[in-house]
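Some notes on the structure that comes next.
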Amino acid sequence: MSLREGFRLAIPADRLERSRREEPHAGGRTSRIGRHMLVLVVNAGSSSLKLRVLDDGDQLLASRDIDAPSGRANPADLQAFLEGAPEVRGAGHRVVHGGREFRESVLVSDDVLVRLRPLADLAPLHNPPALAGLEMVRGLLPGIPNVACFDTAFHATIPDEAAEYALPTLWRESWGIRRFGFHGLNHAYASRRAAELLGRPVEELRLVTCHLGAGASLAAVEAGRSVDTTMGFTPMEGLVMATRSGSVDPGAVLWVQRHAGLSPDEVERILEHQSGVLGLSGLSADMRAVLQAAAQGDPRATLAVDVYVHRLCAGVAAMAASLGGLDGLVFTAGVGEGSALIRDRACRRLGFLGVELDHDRNESAGQEDANLSPHDAAVPVLLVHAREDLEIAREVRRVVGATP
């Protein structure tokens, strides 16, 4: 038995037969594929290539994380995964920055690739690896549609009052400086999943979604649409992150450049890789280690946690103001999912908004998505595990099914 046949046995026979009837082969790659298709999800980072295969019921059939030094995986490793995985009918690629041009997921063509390449300098750590992964998949699976799914796309609905910086017209219109926002794939997923947990249509809700991972951002989501967010032109603005500074007075950055003679590259490296929780604590970028040190009385670790929670709560309050009220607070991603203490400290300070956390539910939260509040809480707190792969697969089926 081949490895591919072994993977196919994981798919129920009736579903596999149905997919064979309903999904055309490569020759009719976007004509009548519809929603029943196995999707390859490709999430390229600066040091790894994460691969997932999902069936039409969003069940995970195969996965692998491939080392990708300097953002480039070995094509042979990708080919080996594809040969062992179920036969996919479409691929979705996470692309961090879509700039002003790409405001929704798009079917990738040669022309789209040409238009994507100039955006690399907007997200130099993320966009080039994504394009490299996209080109590899197109080369290895030339008969399937590829869809670029942008982390910035969910925030394309933000109104100008929230998106525009108070900068000269030249900067804004000619150079395209504006708030783009990021983590949109997970903010979109988390807001819909939170609505499911609440048993209410997302169109009725005003939610603040807190994506608290190594990178961290908030989104104000009204009726399923982003109306404000904390990250800006780049993923460096906003909350305190693992190694990123979050928002800093630009005057302070200019002062340091002038007085210390730092180059733009040096400043970027420090703000991107040596700041945030790591810079404050002088210990680690891992919130778990910093929380442990703070519990043992380490003053710098304590300061790091205090600053992190302060900025988080200030950001949530600002997002609630953009929404004109709050119907739910959603925690997701590494710190948001894994730290009961951060959730507890944040919710205590946000009690004035009606946010209420059930202590036992919060402490016992595990691998399942859950409502962490008492049943009568004015503003419930939801825990949603990040699943960008589900959002990307959903976008692939939407884009491919809508393509004439």
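As a basis for the values below, the full set of heavy atoms in this structure was taken, side chains included, without hydrogen atoms, waters or symmetry mates. Worth saying up front: this structure is predicted, and the values here are computed from it rather than measured.
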### Message
Evaluate Val330 against Val208 for side chain to side chain contact (heavy atoms under 4.5 Å, CB included), listing each step before the verdict.
### Response
CA-CA 6 Å; Val330 187; Val208 173; over 6 Å; no
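- Counting only N and O atoms by type, the side chains of His183 and Asp151 include no donor and acceptor under 3.5 Å apart.
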### Task
Could you go through the side chain to side chain contact (heavy atoms under 4.5 Å, CB included) check for Val42 and Leu49 one step at a time?
CA-CA 7 Å; Val42 183; Leu49 185 69; 3.6 Å; yes
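- Lys50 has no carboxylate O lying under 4.0 Å from a charged side-chain N of Asp65, or vice versa, which leaves the two without a salt bridge.
- Ion pair Arg387/Asp389 flagged as a salt bridge, since at least one NZ, NE, NH1 or NH2 atom sits closer than 4.0 Å to an Asp/Glu carboxylate oxygen.
- Electrostatic pairing of Glu395 and Arg397 does not count as a salt bridge here, judged by no charged N lying under 4.0 Å from a carboxylate O.
- Looking at Ser247, its side chain does come within 3.5 Å of a backbone N or O of Gly238 through a donor-acceptor pair.
- You'll find the side chain of Val277 reaches within 4.5 Å of the side chain of Tyr308, heavy atoms only.
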### Task
For the pair Glu272 and Thr243, evaluate side chain to side chain contact (heavy atoms under 4.5 Å, CB included) and give the outcome as yes or no after the intermediate values.
CA-CA 6 Å; Glu272 185 86 38; Thr243 63; 5.7 Å; no
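- With hydrogens and angles left out, the side-chain atoms of Arg138 and Asn146 include no donor and acceptor closer than 3.5 Å.
- A salt bridge is defined here as a Lys NZ or Arg NE, NH1 or NH2 lying under 4.0 Å from an Asp or Glu carboxylate O, and Arg225 with Glu222 fails to meet this definition.
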### Query
Is there a side chain to side chain contact (heavy atoms under 4.5 Å, CB included) between Leu185 and Cys149 once you walk through the steps?
CA-CA 8 Å; Leu185 292 164; Cys149 304; 4.1 Å; yes
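- Between the side chain of Glu337 and the backbone N or O of Ala333, at least one donor-acceptor pair lies under 3.5 Å.
- Listed for the Ser373 side chain is a donor-acceptor partner under 3.5 Å among the backbone atoms of Val381.
- Between the side chain of Ser275 and the backbone N or O of Arg244, no donor-acceptor pair lies under 3.5 Å.
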#### Entry: salt bridge (Lys or Arg N to Asp or Glu O under 4.0 Å) assessment of Glu388 paired with Arg94
CA-CA 8 Å; Glu388 287 101 336; Arg94 181 190 177 206; 5.1 Å; no
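- Aromatic rings from Phe182 and His97 are positioned such that their centres are separated by under 6.0 Å.
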### Message
Evaluate Thr332 against His211 for side-chain hydrogen bond (donor to acceptor under 3.5 Å, both in side chains), listing each step before the verdict.
### Response
CA-CA 5 Å; Thr332 183; His211 179 108; 5.2 Å; no
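- A salt bridge is defined here as a Lys NZ or Arg NE, NH1 or NH2 lying under 4.0 Å from an Asp or Glu carboxylate O, and Arg179 with Asp160 fails to meet this definition.
- Looking only at side-chain heavy atoms (C-beta outward), Leu329 and Val316 come within less than 4.5 Å of each other.
- Counting heavy atoms from C-beta on, the side chains of Val305 and Arg345 come closer than 4.5 Å.
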### Verdict with reasoning, Glu87 to Arg89, per salt bridge (Lys or Arg N to Asp or Glu O under 4.0 Å)
CA-CA 7 Å; Glu87 185 178 356; Arg89 292 286 189 260; 3.1 Å; yes
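- By the 4.0 Å N-to-carboxylate-O rule, Arg193 lies close enough to Glu196 to be salt-bridged with it.
- Note on ring orientation: taking the six-membered ring where Trp is involved, the planes of Phe180 and Phe233 are tilted (angle from 30° to 60°).
- Inspection of the His359 and Asp344 side chains reveals no N or O donor paired with an N or O acceptor under 3.5 Å.
- Put simply, the side chain of Ser281 never gets that close to the backbone of Val290: no donor and acceptor are under 3.5 Å apart.
- Within a 6.0 Å sphere centred on CZ of Arg348, other residues, nucleotides and ligands contribute 12 heavy atoms or fewer.
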### Task
Give the intermediate values and the outcome of side-chain hydrogen bond (donor to acceptor under 3.5 Å, both in side chains) for residues Thr209 and His187.
CA-CA 6 Å; Thr209 50; His187 283 301; 2.7 Å; yes
